[in-house]
Amino acid sequence: MTVQFKPTETFRDTFTYKKSAEDILRFPFPFPEDEYMYSVNIEPHVKGGPTAAFDAAFDIDEHYVAECRERERVLKEDPKRCQVLPHMLTAEWDALELIMESLAADYPEHFSLSKAGDVWTWVNRPLGLHQTFTFGKVETLPYGPFEYITRQVQGDFTLQDQREDMLYVDGGMVTTQADWSFEFNIGMSFMEWHGPVPLANEKGVFERALKYLLRLQCGQPVRRLNWTMTINPRLDTSPENYPVWGPDRTTVTPENVGDKVHLRVELQTLFRLPRSNAILFGIRCYLTSVNDLVKVPKWRRRLHRVLRDLHPALAEYKGMPRYRQMVVDYLAPMDDGAPTTKGIAPETDRLEG
């Protein structure tokens, strides 16, 4: 089905972001069971999955144009949200090739890529872009190759360089992060980057994940889901902008909790790049309000149970103590105690309410 874009919706100030019924049902709900604890939870990133969000290498949905415009706005305010260390230029071209080829293959009605040797022509119809350039020559593009293509994809991206049995965050386009600073993290090792996460380090989650990723092969990408909660459909919740979004948490009340509180899910994808041997780490952000989630009976039952029983350290880390109980209380009357099926797929393709 052809994607119908909504180019004028906003993710700040007026918050006009809304989801169609189809968009709610394609949401990558992050809880396969009625309880949650950090785990590696990595699986092959193959096309197809429990919802339509898994149907392409890089998912494009109805918010695509609006999210690209929001990214452009963030970069004008803070150009350092996109940085790549000089030694990662080959990885930049790797990433550009992977993303262009994937988008053209998965969405031919919206994107096309043609090649005449090293002279490539890229067409992005939703954003009105038509660019002919020479692959490998930075001066033939309006931005560096990594910045050029990641301005045209939903979600954040980092480039991980592999050296001496460690991964390093040596590049990134990060404008929709969940309360972490790319400016602070660039150049860090994988373990340094994940150091603040409670419980997971004690359980050895990131040590196992690192060992797995160091063996990642070209052509065999993997994925996992991560989550937190955000007040209002705000994409940019960076530490640099905390004075803007931090006070949002004080505005949640029992009366508005369903509209204000959004489940924020990251579909994280990892691709080994062929020339550089670097890893492209995609962090695709999805937002859905509690009121939209309760339209799916399985999800409302499970979200209630997960939040009710969530370990306090995880709730604290995710910034939820101020409003978590309000969400639990709001969901409790909608949880009839019925058992839920395994996995994240809805049990029906119809919404309630």
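Note that these values count all heavy atoms, side chains included, but never hydrogens, waters or copies made by symmetry.
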| said: side chain to side chain donor-acceptor pair (under 3.5 Å) for Ser181 and Glu240? Distances and angles first, verdict last. | reply: CA-CA 7 Å; Ser181 171; Glu240 289 84 354; 2.6 Å; yes

| query | Between Gln160 and Val169, is a side-chain contact (heavy atoms from CB on, under 4.5 Å) present by the stated rule, with each step listed? | reply | CA-CA 5 Å; Gln160 317 278 322; Val169 187; 3.8 Å; yes

| query | Would Thr90 and Arg275 satisfy side chain to side chain donor-acceptor pair (under 3.5 Å), going step by step from the backbone distance to the final call? | reply | CA-CA 7 Å; Thr90 300; Arg275 301 174 186 85; over 6 Å; no

| Verdict with supporting geometry, Thr176 and Asp156, side chain to side chain donor-acceptor pair (under 3.5 Å) | CA-CA 6 Å; Thr176 67; Asp156 292 335; 3.1 Å; yes

| request: List the steps and the verdict of side-chain contact (heavy atoms from CB on, under 4.5 Å) for Thr228 and Glu266. | output: CA-CA 9 Å; Thr228 186; Glu266 296 172 352; 6.0 Å; no

| Going through the distances and angles, do Gln268 and Val222 end up as a side-chain contact (heavy atoms from CB on, under 4.5 Å)? | CA-CA 8 Å; Gln268 300 178 349; Val222 296; over 6 Å; no

| How far apart are the C-alpha atoms of Phe29 and Leu293, what are their side-chain angles, what is the distance that settles it, and do they pass the side-chain contact (heavy atoms from CB on, under 4.5 Å) test? | CA-CA 9 Å; Phe29 188 74; Leu293 287 169; 4.1 Å; yes

| said: What verdict does the salt bridge (charged side-chain N to carboxylate O under 4.0 Å, His left out) test give for Asp13 and Arg73, after you've listed the backbone C-alpha separation in whole Å, the side-chain angles of each residue and the deciding distance to 0.1 Å? | reply: CA-CA 13 Å; Asp13 303 326; Arg73 186 173 176 179; 3.3 Å; yes

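The two residues Asp55 and Gly49 make their nearest non-hydrogen contact at OD1-N, 4.1 Å. Annotation for Pro145 and Leu89: closest pair CG-CD1, 4.2 Å, computed over non-hydrogen atoms. The two atoms that bring Thr51 and Arg26 nearest to each other are OG1-O, 2.8 Å, heavy atoms only. For the residue pair Asp248 and Ile231, the shortest heavy atom distance occurs at O-CG2, 3.4 Å. Taking every heavy atom of both residues into account, Ala278 and Ala91 meet most closely at CB-CB, 3.9 Å.
The residue from Lys298, Lys295, Arg300 that alone fulfils the salt bridge (charged side-chain N to carboxylate O under 4.0 Å, His left out) condition with Glu352 is Arg300.
Checked against a 6.0 Å centroid threshold, the rings of His110 and Phe5 count as neighbours. Aromatic ring centres of Phe111 and Trp122: separated by under 6.0 Å. Remark: aromatic rings of His45 and Phe271 are close, center separation under 6.0 Å. If you look at Tyr36 and Trp227, their ring centroids are closer than 6.0 Å. Annotation: Phe58 is not in aromatic contact with Tyr107 [ring centroid separation under 6.0 Å not met].
One distance of note links CG of Leu159 with CG of Leu167; it measures 12.0 Å at 0.5 Å rounding. Rounding to the nearest 0.5 Å gives a distance of 11.0 Å between OG1 of Thr253 and OH of Tyr330. If you take OG1 on Thr340 and CD on Glu347, they are separated by 7.0 Å, rounding to the nearest 0.5 Å. Here the CE-CG distance, from Met320 to Leu314, works out to 9.5 Å after rounding to the nearest 0.5 Å.
With hydrogens and angles left out, the side-chain atoms of Gln162 and Arg272 include a donor and acceptor closer than 3.5 Å. Side chains of Thr237 and Asp179: no donor on one and acceptor on the other come within 3.5 Å. Between the side chains of Thr134 and Asp118, no donor-acceptor pair of N or O atoms lies under 3.5 Å. With 3.5 Å as the limit, one finds a donor-acceptor pair spanning the side chains of His63 and Glu9. For the residue pair Ser238/Asp236, the side-chain donor-acceptor check at 3.5 Å is satisfied.
Within the cation-pi definition used here (under 6.0 Å to the ring centroid, within 45° of the axis), Arg151 qualifies as a partner of Tyr143.
Every pair tested for salt bridge (Lys or Arg N to Asp or Glu O under 4.0 Å) that includes a residue from residues 307-318 fails, sequence neighbours excluded, so the list is empty. For the salt bridge (Lys or Arg N to Asp or Glu O under 4.0 Å) condition, the pairs that include at least one residue of residues 157-173, sequence neighbours left out, are Asp161-Arg163, Arg163-Asp170.
Under a 4.0 Å N-O distance rule, the pair Lys6/Glu62 qualifies as a salt bridge. Salt bridge Glu70/Arg12: present, at least one basic N to carboxylate O contact under 4.0 Å. Comment: Lys18 does not engage Asp292 in a salt bridge, judged by the lack of any side-chain N to carboxylate O separation of less than 4.0 angstrom. Taking the charged nitrogens against the carboxylate oxygens, Asp34 and Arg302 do have a contact shorter than 4.0 Å, which makes a salt bridge. Using a 4.0 Å cut-off between charged nitrogen and carboxylate oxygen, Glu35 and Arg305 do not count as a salt-bridge pair. Arg284 and Asp61 are joined by a salt bridge, as a carboxylate oxygen and a charged side-chain nitrogen come within less than 4.0 angstrom of each other. Residues Arg81 and Glu183 are not paired through a salt bridge, judged by the lack of any N-O separation under 4.0 Å between the basic side chain and the carboxylate.
A 6.0 Å sphere centred on NZ of Lys76 holds no more than 12 heavy atoms belonging to other residues, nucleotides or ligands. The number of heavy atoms from other shown groups lying within 6.0 Å of CZ (Phe184) does not exceed 12. Open room surrounds NZ on Lys137; 12 or fewer heavy atoms of other groups in view lie less than 6.0 Å from it.
The backbone N or O of Leu127 lies less than 3.5 Å from a partner atom in the side chain of Asn124, making a donor-acceptor pair. Of the possible polar contacts, one joining the Gln177 side chain to the Trp180 backbone as a donor-acceptor pair under 3.5 Å is found.
No side-chain heavy atom of Thr269 sits less than 4.5 Å from a side-chain heavy atom of Pro221.
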